[in-house]
Amino acid sequence: MKTYTHTHLLLVALCTVALIALPGAPVQAAGDDHDDHAGHGHENEAKGAAPAADPHAGHGHDEEIDPTAFCKEHQLFEREDALCQAGLIAALQPGQGLKVRLASTEVAAKAGIKTAKPQSMSTAAGVMLTGRSEFNRNRLARLTAVGGGVVRRANGEVGQRVTKGELLAEIASPEGAAARGQHGSAVARLAQAEAAFAREKDLFGKGISSRLEFQQAEADLGAARSEAEQLRAQLAGYGVAESGGSQSRLRAPLAGVIVEKHVAVGDVVAPGTPLYTIADPESLWIALALPETRVGQAVVGASVEARFDGLPGSLFRGRIVSVGAALDERSRTLQAVAEIKNPGGKLKAGMFGQVKLLTAAAGESLVVPAAAVQSIDQGSYVFVRQAADLFEVRRVEVGAKEQGLVTILFGLAPHDEVVVAQGFALKSEVLKARLGASCADH
Ligand SMILES: [Zn+2]
Ligand SMILES: [Zn+2]
Ligand SMILES: [Zn+2]
């Protein structure tokens, strides 16, 4: 249905001339001959209808498209078929759309088309501040050598993900070995005390030994138990197992990413030497400095929205989690910290960004990356994924554009999967369909 024949071009021209000559006929869109194909049923093509002298005769130009007319090529009703009825696109109202059927389910992926749901951004008034991202210190762990010694193993590299409990380092530590010796002795003493207690209990029950002897055995057992427990805890602190090798084993205390590593195999480390820093990159802190005039707005729990020049089109949301007690004497600013979600760890620590501290509750609006909005005939459109090979070209009403994000005032829902990358590939399909006579072979 896409071959544009010379004969047909002439017929279209004739048809248009005839319409213009007709009194009271609606004005045709300039240079858009194919608008006048609206309303003819494509099922006729498939049925091989007998060629007429004027193929346009009898089908309703300028009338509503027959709601039952079905396009077999695109498996869509004609009235929703953007490729066969490309002329309808310009007439869409915000929120209305037409569908674009691709040649196969692989086309979109090959073209690099990516979709994402629109982000929600507050329309509330706010104070604009500069912020710096840093690791969330509640989700950060520094791993230090508890006992000194020689490093036998130092797993992982900076940037590598680790799971909670993953083995990172092994240190042959004399203190660790000594702790294990003490623990072993305590366990042996505990066994003796248990045996003595059982014996005294038996003798006391038979009236052979005194109550005093029984009570002494009971007290000895309690002391041996608490000593063994204390030394077991000390051993665990060194990361030394109760049996097997006596190396001190250091494990990741939380799941995250290794952000610092100061240790290599063969190093001799003293107790307290920092070895690793593990951080959770999916939750970051933003350090904020509020001018003195704005200290009233710094309230724990207040919402913030952060954007970073290095990550155009991304919005990070969070809340103030702590506010300083006093102004910094030199800068006359109040320090505050916001915690933000950073799914996928896109935002890195140490980046500067613009942070909006929201000061009043208000509505939410949806925003999409600027690349998601396509302009056709001065109208704004987005492509919304319906299926692997089916996209809707939808007219939207756009609002403010800043920091690579465009506010969609109307026409988008939070669950819509909007094309955010390579949407131009879809736009050019639509434009091609409009230039070429998609219905020329009828
Ligand atoms: Zn026609
Ligand atoms: Zn079609
Ligand atoms: Zn067609």
Side-chain angles (χ1 to χ4, degrees), residues 1-2 34 71 73-76 80-121 307-316 342-348 365-436 438:
M1 301 190 200
K2 292 211 175 83
H34 241 76
C71 176
E73 181 188 355
H74 298 123
Q75 289 294 303
L76 294 168
E80 56 176 16
D81 188 343
L83 297 182
C84 278
Q85 308 294 342
L88 297 180
I89 290 172
L92 293 173
Q93 294 301 306
Q96 294 180 331
L98 292 170
K99 287 169 185 168
V100 179
R101 175 78 71 188
L102 301 180
S104 77
T105 51
E106 286 85 45
V107 171
K110 278 184 190 153
I113 287 169
K114 290 192 174 65
T115 64
K117 291 189 173 67
Q119 288 178 286
S120 172
M121 193 171 76
R307 281 175 282 195
F308 295 83
D309 290 339
L311 295 166
S314 293
L315 180 74
F316 300 88
N342 183 29
K346 262 194 299 186
L347 181 64
K348 307 299 175 195
S365 66
L366 296 176
V367 293
V368 295
V373 179
Q374 304 291 337
S375 174
I376 302 174
D377 292 340
Q378 286 95 48
S380 297
Y381 297 82
V382 294
F383 288 93
V384 179
R385 186 185 188 276
Q386 309 277 330
D389 63 341
L390 188 65
F391 291 82
E392 181 183 350
V393 52
R394 191 185 297 166
R395 183 87 183 249
V396 290
E397 194 180 331
V398 298
K401 176 183 171 181
E402 48 177 330
Q403 304 278 344
L405 290 168
V406 176
T407 302
I408 304 295
L409 299 174
F410 192 78
L412 208 54
H415 56 80
D416 284 330
E417 286 288 342
V418 179
V419 172
V420 293
Q422 295 301 321
F424 189 79
L426 291 168
K427 177 185 171 180
S428 60
E429 279 300 302
V430 168
L431 295 183
K432 261 191 295 180
R434 215 166 53 156
L435 288 173
S438 51

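Every residue two or more places apart in sequence or in another chain that forms a salt bridge (charged side-chain N to carboxylate O under 4.0 Å, His left out) with Arg101 is listed here: Asp389. Considering only residues two or more places apart in sequence or on other chains, Lys117 meets the salt bridge (charged side-chain N to carboxylate O under 4.0 Å, His left out) condition with Glu417. The ring pair (Phe, Tyr, Trp, His ring centres under 6.0 Å) search around Phe391 returns none, not counting sequence neighbours. Every side chain to side chain donor-acceptor pair (under 3.5 Å) that Ser120 has, sequence neighbours left out, goes to Glu364. Contacts of Lys110 classified as side-chain contact (heavy atoms from CB on, under 4.5 Å), with partners at least two apart in sequence or in another chain: Glu106. Not a single salt bridge (charged side-chain N to carboxylate O under 4.0 Å, His left out) links Lys427 to another residue, sequence neighbours left out. Listed by chain and residue number, Thr105, Arg385 satisfy the side-chain contact (heavy atoms from CB on, under 4.5 Å) test with Ala388 (two or more places apart in sequence, or in another chain). Scanning for side chain to side chain donor-acceptor pair (under 3.5 Å) contacts around Gln119 gives an empty result, with sequence neighbours left out. With sequence neighbours excluded, the residues satisfying side chain to side chain donor-acceptor pair (under 3.5 Å) with Ser314 are Lys346. Residues meeting the side-chain contact (heavy atoms from CB on, under 4.5 Å) test with Glu397, sequence neighbours left out: Pro94, Leu409, Phe410. With sequence neighbours excluded, the residues that form a side-chain contact (heavy atoms from CB on, under 4.5 Å) with Gln96 are Leu92, Gln93.
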Stepwise side-chain contact (heavy atoms from CB on, under 4.5 Å) test for Arg394 and Leu412: CA-CA 9 Å; Arg394 191 185 297 166; Leu412 208 54; 4.0 Å; yes
